[in-house]
Amino acid sequence: MPEGDAPEAGTSEAEQSEAAEAEEAEAEKAEGGTTAAGKAAEPSEAEAELAAQRELLARIEHRKAEKAGPIESGTKLSGTAADLLAAVRAVESGEKAGTAFFDSPAPAPRRAAPTAEPVRPREAQPVRTPRATAPETVTTVQTVLSQGGAPAALAAQVADVLGEQAADMLREDPWRLLSVPGVRPEQADGFARALLGAECGPGDERRAAALVAWQLERAALQGHTAVESSAVRAALAERSVPDPDEALQQAIAEGAVLVFQDGVEETEETEETGQGPDGEESEQSAVPVLLGLDRYALAEESLADGLARLAKAGADARWDAAEPTELIRAIAASGLVVHTGGEAARAEPVASAGAAGALGLRAVVAVHSEDGSRRLGPAAVTVSGLLSGAEGPGRDEDGAFALDLLIVLDAPQLDVETAAMLVESMPDGSRLVLSGDPGVLYSAGAGRVFADVLAAGVCPQINSRTPDPGPIGELVSGIGIGELNQVAAPGKEVVIVPVRDAGEAVHRTVQLVADSVPRAIGVPTEQTQVITVGHGGSAGTRALNAALKERLNAGPGRFGGFDPGDKVAYAPALGRTLTGTVVSADAEGLHLDCDGTPLVVPKERVESAVRHGWALTAHQAVGMRWPAAVVVLPGDAAQGLSRPWVYTAFSRAERHLSVVHGVDQALPRAVAEGAPQHRTTRLRTLLEVLLATPTP
């Protein structure tokens with residue numbers, strides 16, 4: 001791989017995901033790319049989704065405020081955060097347990113959803129991405145950026161992140177530039193030196209607070225909802241902060257970060273001395289002090305509260321008349337159920353939704369992607385469409401979903417913020433089933449919701465015994481338990497294509513897609529998807545897409561690098577990829593056809609959000625399937641392999657799987673040893689505390 005494209009040792013799966021790729025694109029812009037400020041547009045479906053998410057997040061924060069009212073502390077914090085500030089030194093020294101500062105009464109119960117007819121989903125309309133902030137705001141930001149030597153191209157992003165007062169905020173605190181995705185600390189430091197002159201120094205409190213937030217946002221891109229305080233201190237020291245301890249305390253005082261120490265059992269001895277009854281250091285000293293941003297802390301705590309509320313719901317007699325399958329019995333007994341299994345096992349929760357409908361109950365099946373919705377038929381909705389109100393049953397007067405049962409397939413793709421919004425919207429008395437394949441990659445966003453709920457063991461868990469059929473199903477099932485087995489494939493369902501180097505891998509991939517698979521397998525070129533480890537490198541998505549375009553749809557790229565007929569991948573949001581075909585372009589933007597659904601990407605979003613899509617990463621492909629898949633494993637991709645990656649990539653194929661294999665023993669080693677990358681989260685501990693069985 002060229003320098004800068006090779007995965008670093010220890011790089012997490014999420015860093016290779018669309019979250020990291022989005023940051024890379026933004027960093028390229030920060031180096032001097034160009035973008036245009038768009039004009040205001042009529043509210044679109046995407047804008048409606050964003051508005052709905054903001055409203056739900058506001059409601060989550062309001063509920064938290066109700067649970068812990070403001071506390072006069074002489075700081076910008078209130079409620080739980082103020083308590084934490086007052087006690088942070090005691091927590092970090094081990095003199096007092098962090099759990100003492102989180103006791104709060106249970107939230108007031110919400111009314112159950114009414115039995116009124118659900119609101120019908122809106123008819124499909126061309127989707128438009130929200131445009132940039134008002135041009136006058138962008139102009140004032142451009143002036144400040146120019147004064148500080150930063151690229152004017154960043155103005156639209158800065159205005160979008162910081163709002164209408166962005167220019168004044170940058171003058172007051174130049175390090176706020178670091179809150180823009182893709183901006184690095186050295187760039188923010190240079191901008192600050194240009195604006196502040198001699199007043200700028202490495203120990204500036206504003207700089208330290210910005211670096212703390214930046215470090216935690218970077219961790220969130222890797223899937224963490226919290227970070228150990230020692231790691232943050234070390235990162236501050238690496239950035240030449242003179243006194244990391246003091247800087248961290250100041251960041252806490254300013255409300256830039258919250259501190260937690262979950263799962264500590266407090267005794268009289270440990271509270272007073274920090275030692276156990278035998279004079280030894282107490283167990284609480286081994287519990288790490290965690291730091292987190294309020295957005296993830298609020299989401300994770302709200303999610304835990306909501307899941308606990310559902311899990312505590314008693315049996316529902318309305319299910320007594322249904323055929324008593326194992327899953328239906330679990331749904332009847334508990335408001336929260338976890339269901340695991342592969343692709344074929346999806347039929348079980350879908351059948352349960354049908355049984356609910358036969359009983360007169362309102363049931364909804366939600367999936368991660370539009371492709372998943374199409375595969376299940378018109379009864380399924382996407383999670384994003386359900387939250388925005390564009391799909392699904394609508395909401396009652398209290399904002400809760402008008403339903404009795406929600407089944408979320410592809411549940412491993414839920415990040416904490418999305419999951420919190422879903423659970424917050426569940427009416428009292430309703431049932432939630434989280435269903436998914438635990439072997440696939442985690443969500444692109446922060447958290448590991450499905451894995452944490454499984455690990456907490458606080459609700460019924462139904463493990464499907466329905467295997468995926470055929471040689472591909474047999475191969476994937478073995479990978480799930482750490483075995484890479486040879487499988488009989490009399491119909492060429494699985495084909496291994498050995499290659500010596502990346503150049504040969506690209507050549508053979510193009511040959512497979514354009515000729516071999518259509519001719520020998522009968523799957524058309526447009527129904528064959530290439531999947532590779534990363535975007536960069538000599539056989540990453542960039543190189544493969546360039547070669548595939550040259551063979552399948554050669555053209556000058558007159559629409560911002562795209563031509564009519566190009567296969568593309570559009571990322572409207574983190575962790576969400578839509579595949580489609582370029583139709584045309586005009587002053588409005590790039591027009592796409594996403595399997596029959598028209599979509600318009602504004603021209604200022606094309607560069608950052610649209611890629612050629614003949615080749616995808618496994619993170620982009622998760623939640624989708626194709627009749628044929630070609631998985632490309634060049635030798636320089638060995639470090640990016642893990643068992644979840646291989647499991648996800650191989651299981652995207654329905655009828656045929658070709659593996660362009662150039663990693664030798666790295667593939668079986670990754671399958672045997674490649675466990676999921678660790679993510680630091682708090683959800684499991686919060687659930688275990690909320691739903692702990694009382695000791696007699």
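Scanning both residues, Ala226 and Leu290, for their nearest heavy atoms gives CB-CB, 4.0 Å. Here the closest non-hydrogen pair linking Val517 and Ser658 is CG2-OG, 4.4 Å. The two residues Leu405 and Ala356 make their nearest non-hydrogen contact at CD2-CB, 3.9 Å. Closest approach of Val367 and Ser373 over heavy atoms only: CG2-N, 3.3 Å. Taking both residues in full, the closest heavy atoms of Arg655 and Ile521 are given as NH2-O, 3.4 Å, listed atom of the first, atom of the second, then distance. For the residue pair Asp316 and Gly429, the shortest heavy atom distance occurs at OD2-O, 4.5 Å.
Gln413 is linked by a side-chain hydrogen bond (donor to acceptor under 3.5 Å, both in side chains) to nothing, counting only residues two or more places apart in sequence or in another chain. Under the side chain to side chain contact (heavy atoms under 4.5 Å, CB included) criterion, Glu474 pairs with Val487, sequence neighbours left out. Taking Ser369 as the reference, nothing meets the side-chain hydrogen bond (donor to acceptor under 3.5 Å, both in side chains) condition, with sequence neighbours excluded. With sequence neighbours left out, Thr382 forms a side-chain hydrogen bond (donor to acceptor under 3.5 Å, both in side chains) with Ser384, Glu391.
Put simply, the side chain of Leu359 reaches to within 4.5 Å of the side chain of Trp319, judged on heavy atoms. Under the 4.5 Å side-chain criterion, counting only non-hydrogen atoms from C-beta, Ile479 is in contact with Phe650. With contacts defined as side-chain heavy-atom distances shorter than 4.5 Å, the pair Asp437/Pro412 does not qualify. For the pair Arg652/Leu616, no side-chain contact is recorded, criterion being any heavy-atom separation below 4.5 Å from C-beta on. Side-chain atoms of Val350 and Ile407, non-hydrogen and from C-beta on, never get closer than 4.5 Å to each other. In this structure, the side chains of Pro572 and Leu578 come closer than 4.5 Å at one or more pairs of heavy atoms. The shortest distance between side-chain heavy atoms of Asp410 and Arg346 falls below 4.5 Å. Looking at Ser642 and Gln677, their side chains never come closer than 4.5 Å, going by heavy atoms from C-beta outward.
With rounding to the nearest 0.5 Å, the separation of CD in Glu417 from OG1 in Thr225 is 10.5 Å. Atom CG of residue Leu307 and atom CZ of residue Arg309 lie 9.0 Å apart, to the nearest 0.5 angstrom. The CG atom of Leu544 sits 12.0 Å away from the NE2 atom of His535 when rounded to the nearest 0.5 Å. Note: Asp305 CG to Leu687 CG = 9.5 Å, rounded to the nearest 0.5 Å. Expressed to the nearest 0.5 Å, how far CZ of Arg329 lies from OG of Ser352 amounts to 11.0 Å. Atom OG1 of Thr528 sits about 7.5 Å away from atom NE2 of His656, to the nearest 0.5 Å.
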Derivation and outcome, side-chain contact (heavy atoms from CB on, under 4.5 Å), residues Phe401 and Leu387: CA-CA 9 Å; Phe401 294 138; Leu387 286 172; 4.2 Å; yes

Stepwise side-chain contact (heavy atoms from CB on, under 4.5 Å) check, Leu403 with Met426: CA-CA 8 Å; Leu403 52 72; Met426 294 293 293; 4.0 Å; yes

Check against side-chain contact (heavy atoms from CB on, under 4.5 Å), Ser443 and Val449: CA-CA 9 Å; Ser443 63; Val449 174; over 6 Å; no

side-chain hydrogen bond (donor to acceptor under 3.5 Å, both in side chains) between Glu348 and Thr325, intermediate numbers included: CA-CA 9 Å; Glu348 297 172 14; Thr325 66; over 6 Å; no

Test side-chain contact (heavy atoms from CB on, under 4.5 Å) applied to Val227 and Gln215, step by step: CA-CA 9 Å; Val227 179; Gln215 182 71 19; 5.6 Å; no

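His224 contributes a side-chain N or O that, together with a main-chain N or O of Thr680, makes up a donor-acceptor pair within less than 3.5 Å. Judged by distance alone, the side chain of Asp468 and the main-chain N or O of Glu343 form a donor-acceptor pair under 3.5 Å. Looking only at distances, no side-chain donor or acceptor of Ser229 sits under 3.5 Å from a matching main-chain atom of Leu291. No donor-acceptor pair under 3.5 Å is formed between the side chain of Arg679 and the backbone N or O of Ala446. A donor-acceptor pair under 3.5 Å links the side-chain atoms of Thr532 to the main chain of Ala539, judged by distance alone. Formation of a donor-acceptor pair under 3.5 Å by the Ser334 side chain with backbone atoms of Ala330 is not found in this model. Remark: side-chain polar atoms of Ser651 are paired, donor with acceptor, to backbone N or O of Thr648 under 3.5 angstrom. Formation of a donor-acceptor pair under 3.5 Å by the Glu493 side chain with backbone atoms of Ile472 is not found in this model. Formation of a donor-acceptor pair under 3.5 Å by the Glu326 side chain with backbone atoms of Ser464 is not found in this model. Formation of a donor-acceptor pair under 3.5 Å by the Ser430 side chain with backbone atoms of Pro427 is found in this model.
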With a cut-off of 3.5 Å and sequence neighbours excluded, list every side-chain donor-acceptor pair involving residues 666-675.
none

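For residues 448-463, the pairs satisfying side chain to side chain donor-acceptor pair (under 3.5 Å) are Thr340-Asn463, Tyr442-Arg448, Arg448-Asp452, Asp452-Thr681, with sequence neighbours left out.
In this structure, Arg375 pairs ionically with Asp371, as a charged nitrogen and a carboxylate oxygen lie closer than 4.0 Å. For Glu370 and Arg374, the salt-bridge test fails: no basic side-chain N is under 4.0 Å from an acidic carboxylate O.
A donor-acceptor contact under 3.5 angstrom links the side chains of Arg395 and Ser425, judged on distance only.
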